[in-house]
Amino acid sequence: MNLENSDDGSSTAAARPPAAGVPRADQAETVARPPLLLPSDPEFQEIERTAREAEGIDRRTVLRLGALGMAVAAVAGTRAVTEPYLSARGWMSADGVFAAAASGISGAVYVEVFPTSPLILDPFTDPLPVPRAAAPATPGQLGGRPPGPGPGQQSSLDNERHQVWSSDLGLPDPIVYKFDLLVRGHAFTTSQVLPIDANGRPIASYDATGKTYPAGTKRTLPQSTIYGFNGTFPGPMINAEYGKPVLVRFENHLHENPLGLDRQDFGTKDLSFLTHLHNGHSAPESDGNPHYAMRYGPRHAGYLPGVHVDNLYLNHPAGGDDREKQSFLWFHDHRMDQTGSNVYKGMVGLYPIYDPKGGLDRGDERQGLRLPGVRTDHPDGTFDVEYDIPLAIADFRLDDGVTTHQDIHDAEGEFPDAKNPKAHPEWWGKTFYKHFPNHGFVGDVFTVNGTAFPVLEVKRRKYRLRFLDASVARVYDLKLMTSSQGPKTAVSLGFRGDELQGQWRIPDGQQCMQFTQIATDGGLLPFPIKRDNVELWPAKRREVVVDFTRYQDGSPTRKGDVVYLTNTMKMPDGRVWAAANRFSPDPRYKGPDDQDHHR
């Protein structure tokens, strides 16, 4: 991210404490894999019979064993063979069931190959998308029966009611929004790209018609297919306030595909959704709880196409206790068995929540804690806050057209149109995903608010930045750095394989500013904390204040200065980091995610 300084010299007062307290195989190479076992194969049926009789493993577990080509399980057909083998490796639980079998065994015998994303040639040219507050729905947009507390008014299924309505707590009627689940295209960058392999060498690329482009051809990425709230990634942002309930009507239009987009082979297989306000204090019918959904409401893993559900977010702290107030939530899909793939597919929305009580934190830096923000109220009851910016960080991997698609869902027939396992040249440059990877799934292109390597121009003042890790598995460790030489491609620096993740490095990067952390997932901290770096885990949020008027050595910033928001955590796979600030940092791993220009 790129920050630019302004000469106006504006700034805000300091925050005060709250009052209460693998590498992909080269095209010339092959990777040996055990054969894929399907339910119709005699070998599979023998494994299943043995499992049921001797081990008591359920069918879904056996399907996973077969789908992942676990040769160990295929040849070890009796308890006498399998149990000692698994127990010796820590894969058997005390009751004789696989504890981490799918991951452990597959890691021993199954080689996973992931594509290397095309190299983005012109980073730090696209502006950072700064979300604006969504507008409430009009009666015409809602259509049909309006939301309400009566029987059958919780969804279009007419079988649920809200357990608690806003009036039950002495609160005003909720502000009503309507977000549609839509199939749309999304571009991660406007830059041209160069298709490369895991060794950084130029390779051939493809398009949806089957045309092949020779190695060395610069290309423009095709749009990836997303399932998004209102068809965008990230989806709309709600600026909420405690004491002012919000109701969101989520309506499923995923069965509609007006642009004729290829749905690819990941995402919710039956086009259902289930929205969860992460860490929100919500009643179960509005919480996106898959266990509740299976028994009540939809009586299914999610809400099917054509159905709408009204999720009521009371914005009331648990037990009415002010100490339970939070300050940054997010909503995302929570459908059973598809949460990761649906979030990766685009079902992400932002929900900053302010506390107007006593003016403590209402988005006005002249009041309360004086946290950075200039609030603008709108006639419809919503508001925007300038200089208060959510940053949803997520990693993606783009298809190279030659890597075989093969994972757990293929054997279970969840995406039959894909005809996997096979390569998909028609998906070149679009998002690639594995549902059940041996070592967890991480991408090699990092994005902020859906854009790779964006630029944010900042004034010489304090900003409130709200970090969200919207990745499936990647953990980030963020620092603010300067560089005199600027970004260099990892390829040009001699890196190969997993070291290409992040694509760009700043070899001479030096920390230049500190973060003042003011909040975690649980809300505002009792007092601000100065930090050199901020560690961010999947689904977690951290809020910081950054003073762009001066560097940490006290020298003033100047117009045109550039500061990089830099990830310093090396994480080759989704299991655990290889190097981090907390343990043996790798000084060579400095991946700029975002560039801030001072103006």
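It should be emphasised that the depicted structure is a prediction, and the values quoted were computed from it without experimental measurement.
Between the OH atom in Y463 and the CD atom in E386 there is a gap of 7.0 Å [rounded to 0.5 Å]. Of the inter-residue distances, the one linking M237 atom CE with F331 atom CZ reads 10.0 Å to the nearest 0.5 angstrom. Atom OG of S327 is separated from atom CD of E543 by 3.5 Å, given to the nearest 0.5 angstrom. Rounding to the nearest 0.5 Å places NE2 of H278 at 15.0 Å from OH of Y351. Going from atom CD of Q338 over to atom CZ of F273 covers 15.0 Å, rounded to the nearest 0.5 Å. Considering CH2 of W427 and CG of D262, their distance stands at 5.5 Å, rounded to 0.5 Å.
With hydrogens and angles left out, the side-chain atoms of R263 and Y227 include a donor and acceptor closer than 3.5 Å. A donor-acceptor pair shorter than 3.5 Å cannot be found between the side chains of N449 and T451. Judged purely by distance below 3.5 Å, without hydrogens or angles, the side chains of N230 and T232 never pair a donor atom with an acceptor atom. For the residue pair H405 and D399, a side-chain donor N or O sits within less than 3.5 Å of a side-chain acceptor on the partner. Residues D265 and H424 bring no donor and acceptor atom of their side chains to less than 3.5 Å of each other. The closest side-chain donor-acceptor pair between S156 and Y303, if any, does not fall under 3.5 angstrom. No hydrogens or angles considered: a donor-acceptor pair under 3.5 Å links the side chains of T190 and D126.
Residues D270 and H300 form a side-chain contact, since some pair of their non-hydrogen atoms from C-beta on lies under 4.5 Å apart. Annotation: side chain of V248 is in contact with side chain of I238 (closest heavy-atom distance under 4.5 Å). Here the side chains of L259 and R184 are in contact, with some heavy-atom distance below 4.5 Å. Contact check for N159 versus R299: side-chain heavy atoms found under the 4.5 Å cut-off. Side-chain contact between V176 and L142 is present, with at least one heavy-atom pair separated by less than 4.5 Å. Residues M294 and N289 have side chains not in contact (no heavy-atom distance under 4.5 Å, counting atoms from C-beta outward). Looking at heavy atoms from C-beta onward, N279 lies in side-chain contact with R541 at the 4.5 angstrom threshold. Taking the side chain as every heavy atom from C-beta outward, F114 and F441 approach each other to under 4.5 Å.
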Go through it in stages, so that I can follow the logic: the residues are N311 and Y313, the test is side chain to side chain donor-acceptor pair (under 3.5 Å), and I'd like the CA-CA distance, side-chain angles, deciding distance and then a yes or no. CA-CA 6 Å; N311 282 5; Y313 305 133; 3.1 Å; yes
Go through the steps for N342 and H334 under the test side-chain contact (heavy atoms from CB on, under 4.5 Å), then give the verdict. CA-CA 8 Å; N342 281 352; H334 213 231; over 6 Å; no
Report the C-alpha separation of F229 and F250 in whole Å, then their side-chain angles, then the decisive distance to 0.1 Å, and conclude whether the ring-ring contact (aromatic ring centres under 6.0 Å, His included) test is met. CA-CA 8 Å; F229 299 110; F250 294 100; 5.5 Å; yes
Quick one, T516 with V546, criterion side-chain contact (heavy atoms from CB on, under 4.5 Å). Give me CA distance, side-chain angles, the key distance, then yes/no. CA-CA 6 Å; T516 300; V546 177; over 6 Å; no
Would L221 and L398 satisfy side-chain contact (heavy atoms from CB on, under 4.5 Å), going step by step from the backbone distance to the final call? CA-CA 9 Å; L221 284 177; L398 305 179; 3.7 Å; yes
Decide yes or no on side-chain contact (heavy atoms from CB on, under 4.5 Å) for F446 and I393, but give the supporting numbers first. CA-CA 7 Å; F446 304 160; I393 302 174; 5.5 Å; no
Evaluation steps, side chain to side chain donor-acceptor pair (under 3.5 Å), between S471 and Y344: CA-CA 7 Å; S471 293; Y344 185 82; over 6 Å; no
Show your reasoning for whether side chain to side chain donor-acceptor pair (under 3.5 Å) applies to N252 and H308. CA-CA 6 Å; N252 191 346; H308 77 246; over 6 Å; no
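Counting heavy-atom neighbours within 6.0 Å of K244 NZ, excluding the residue itself, gives a total of 12 or less.
Taking each heavy atom of P131 and L350 in turn, the nearest pair found is CG-CD1, 3.9 Å. Nearest heavy atom pair, residue H186 against residue F233, reads CE1-O, 3.4 Å. Listed here is the closest heavy atom pair of D168 and Q163: OD2-O, 4.4 Å. A pairwise comparison of heavy atoms in G243 and P245 identifies O-CD, 3.7 Å as the closest pair. Scanning both residues, P136 and Q141, for their nearest heavy atoms gives O-OE1, 4.0 Å. The two atoms that bring D361 and Y354 nearest to each other are O-CB, 3.1 Å, heavy atoms only.
Electrostatic pairing of R323 and D321 counts as a salt bridge here, judged by a charged N lying under 4.0 Å from a carboxylate O. Comment: D395 engages R474 in a salt bridge, judged by a side-chain N to carboxylate O separation of less than 4.0 angstrom. In this structure, D388 pairs ionically with R466, as a charged nitrogen and a carboxylate oxygen lie closer than 4.0 Å. Contact check on K422 versus D410 returns no salt bridge, with no Lys/Arg side-chain nitrogen under 4.0 Å from an Asp/Glu carboxylate oxygen. Looking at D337 and K269, no side-chain N of the basic residue comes within less than 4.0 Å of a carboxylate O on the acidic one, giving no salt bridge. Under 4.0 Å is where a charged nitrogen must lie from a carboxylate oxygen, and between R335 and D333 no such pair does. Ion pairing of D322 with K357 is present here, as a side-chain N (NZ or NE/NH1/NH2) and a carboxylate O approach within less than 4.0 Å. Classification of R295 and E160 as a salt-bridged pair fails, no side-chain N sitting under 4.0 Å from a carboxylate O. Between D377 and R375 a salt bridge is recorded (basic side-chain N to carboxylate O distance below 4.0 Å). A salt bridge does not link D407 with K434: none of the charged nitrogens is closer than 4.0 Å to a carboxylate oxygen. For D310 and R161, the salt-bridge test fails: no basic side-chain N is under 4.0 Å from an acidic carboxylate O. Ionic pairing of R145 and D158 is present here: one or more N-O contacts between side-chain nitrogen and carboxylate oxygen are shorter than 4.0 angstrom.
Two rings, from F467 and F328, have their centers 6.0 Å or more apart.
H332 and H276 have perpendicular rings, their planes meeting at more than 60° on a 0 to 90° scale where under 30° would count as parallel. Ring geometry for Y296 against Y292 counts as tilted: the plane angle lies between 30° and 60°, on a 0 to 90° scale. Using bins of under 30°, 30° to 60° and over 60° for the plane-to-plane angle, the ring pair F179/Y177 lands in the tilted bin.
With T431 contributing its side chain and S224 its backbone, the two residues share no donor-acceptor pair below 3.5 Å. The main-chain N or O of A539 is never found under 3.5 Å from a side-chain atom of D469 such that the two would form a donor-acceptor pair.
Of the listed residues (V472, L468, V343, V475), just one forms a side chain to side chain contact (heavy atoms under 4.5 Å, CB included) with P538, and that residue is V475. A side chain to side chain contact (heavy atoms under 4.5 Å, CB included) with H253 holds for exactly one of V183, D180, L271, L181; it is D180.
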